[in-house]
Protein chains: 2
Amino acid sequence: MKSPGKGKITGRFDADCLATREILTRIGDKWSVLLIVILGEGPQRFSELKRAIEGISQRMLTLTLRGLERDGMVKRTVTPTNPPRVDYDLTPFGHTLLAPVAELALWAQRHRPEVQQARDAFDRAEKKTVGRP
Amino acid sequence: MKSPGKGKITGRFDADCLATREILTRIGDKWSVLLIVILGEGPQRFSELKRAIEGISQRMLTLTLRGLERDGMVKRTVTPTNPPRVDYDLTPFGHTLLAPVAELALWAQRHRPEVQQARDAFDRAEKKTVGRP
DNA sequence: CCGGATCCTGGCCGATACTG
DNA sequence: CAGTATCGGCCAGGATCCGG
């Protein structure tokens, strides 16, 4: 988030929407939710995660994990063998987030056709408005 | 694009996580959730929304509303008086999204202190690691 | 194997000005 | 009042090299 202090948003949603925006900024990025869901199935090492996701860059995987770790949702465990081994796991706190996130994911899966349909209809309508022969 | 035709992400999350990413891309932006919540209280006209949010630019309000309308979550109603009047409202479909979103928002409000705390702890620990006197 | 550092690009978003 | 158009800054995020 940005620096608060000047942050007056609506007046009545003050704390509520600030909190919501904060968490949405965390998990609303490109990879966080996916990581949370995958880690929800059990601990994984770095390279497993990287292979599991397959579209993510090493950099973003590291950054996203760091962010989640910083907010207490992910636990990072280093085993100083050679070569080194690093495992990531959801904390109990992270698990409490898993529930509402899964809820949202479920909604997404259930209603995807409707969204697609609405989207197509909208685009068709727009095209008609624009293309006036 | 990596593997055209055979888009394999994780193998089993294929459709699920695609759908999730799609919806998160929609509502994970800067203003969508806020708009959904506000519109959840009833229909509002453009200028009311603009005043209600107070930090949003005219441009982003328009764009966000368009996006939500495109996906079938918001209904736009024009009353061709003079000056013109445009009302926005959640569709029934939009209302079904309101529930899981509210769930998430609730989580955010409930757990904000813990996040803050974890964040602080993490930053302190990092500082200790860096600053070796 | 893990992840830090650096460069670079696309797009998001805000500010402003202009139409109907 | 409601919306479009244009410009510009900023940052997320991908590619790559390097170091432990």
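Naming: A, B, ... by sequence-line order, numbering from 1 per chain.
- In this structure, Lys50(B) places its NZ atom where more than 12 heavy-atom neighbours from other residues, nucleotides or ligands lie under 6.0 Å away.
- With rounding to whole Å, Asp87(B) atom CG is found 15 Å from dG3(D) atom C1'.
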Donor-acceptor list for residues 60-70 of chain B side chains, cut-off 3.5 Å, not counting sequence neighbours:
unit_1: Thr62(B); atom_1: OG1; unit_2: Gln58(B); atom_2: O; d: 3.0
unit_1: Thr64(B); atom_1: OG1; unit_2: Met60(B); atom_2: O; d: 2.6
unit_1: Arg70(B); atom_1: NH1; unit_2: Asp123(A); atom_2: OD1; d: 2.8
unit_1: Arg70(B); atom_1: NH1; unit_2: Asp123(A); atom_2: OD2; d: 2.6

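- The side-chain hydrogen bond (donor to acceptor under 3.5 Å, both in side chains) analysis of residues 95-106 of chain A, with sequence neighbours excluded, yields the pairs Thr96(A)-Trp107(B).
- The stretch residues 79-96 of chain A participates, sequence neighbours left out, in these salt bridge (charged side-chain N to carboxylate O under 4.0 Å, His left out) pairs: Arg85(A)-Asp87(A).
- With sequence neighbours left out, Arg76(A) forms a side-chain hydrogen bond (donor to acceptor under 3.5 Å, both in side chains) with Tyr88(A).
- For the segment residues 64-79 of chain B, no residue has any heavy atom less than 4.0 angstrom from an atom of DNA chain C.
- The side-chain contact (heavy atoms from CB on, under 4.5 Å) check on Glu114(A) picks up His111(A), Phe93(B), with sequence neighbours excluded.
- Leu61(B) places its CG atom 14 Å from the P atom of dC1(D), with the value rounded to the nearest Å.
- Note on Leu98(A): it clusters hydrophobically with Ile23(B), by side-chain heavy-atom contacts below 4.5 Å among ILVMFWY residues.
- Comparing the helix axis at one end of the helix from dC1(C)-dG20(D) to dG20(C)-dC1(D) with that at the other, each defined from 5 consecutive pairs, gives an inter-axis angle of 40° (nearest 10°).
- The main-chain N or O of Val37(A) is never found under 3.5 Å from a side-chain atom of Glu41(A) such that the two would form a donor-acceptor pair.
- Trp31(A) pairs by the ring-ring contact (aromatic ring centres under 6.0 Å, His included) definition with nothing, not counting sequence neighbours.
- Atom C1' of nucleotide dG3(D) and atom CG of Asn82(B) are separated by 15 Å, given to the nearest angstrom.
- In this structure, the CD atom of Glu48(B) is 11 Å from the P atom of dC1(D), given to the nearest Å.
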Show each protein N/O and nucleotides 12-15 of chain D N/O combination with a separation under 3.5 Å, one pair to a line.
unit_1: dG13(D); atom_1: N7; unit_2: Arg59(A); atom_2: NH2; d: 2.7
unit_1: dG14(D); atom_1: OP1; unit_2: Lys30(A); atom_2: NZ; d: 2.6
unit_1: dG14(D); atom_1: OP2; unit_2: Ser57(A); atom_2: OG; d: 3.4
unit_1: dG14(D); atom_1: N7; unit_2: Arg59(A); atom_2: NE; d: 3.4
unit_1: dG14(D); atom_1: O6; unit_2: Arg59(A); atom_2: NE; d: 3.4

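- First and last contacts of DNA chain C with chain B, using any nucleotide atom under 4.0 Å from a protein heavy atom and ordered 5' to 3', fall at dC13(C) to dG20(C).
- Not counting sequence neighbours, the partners of Arg119(A) by the side-chain hydrogen bond (donor to acceptor under 3.5 Å, both in side chains) test are Asp71(B).
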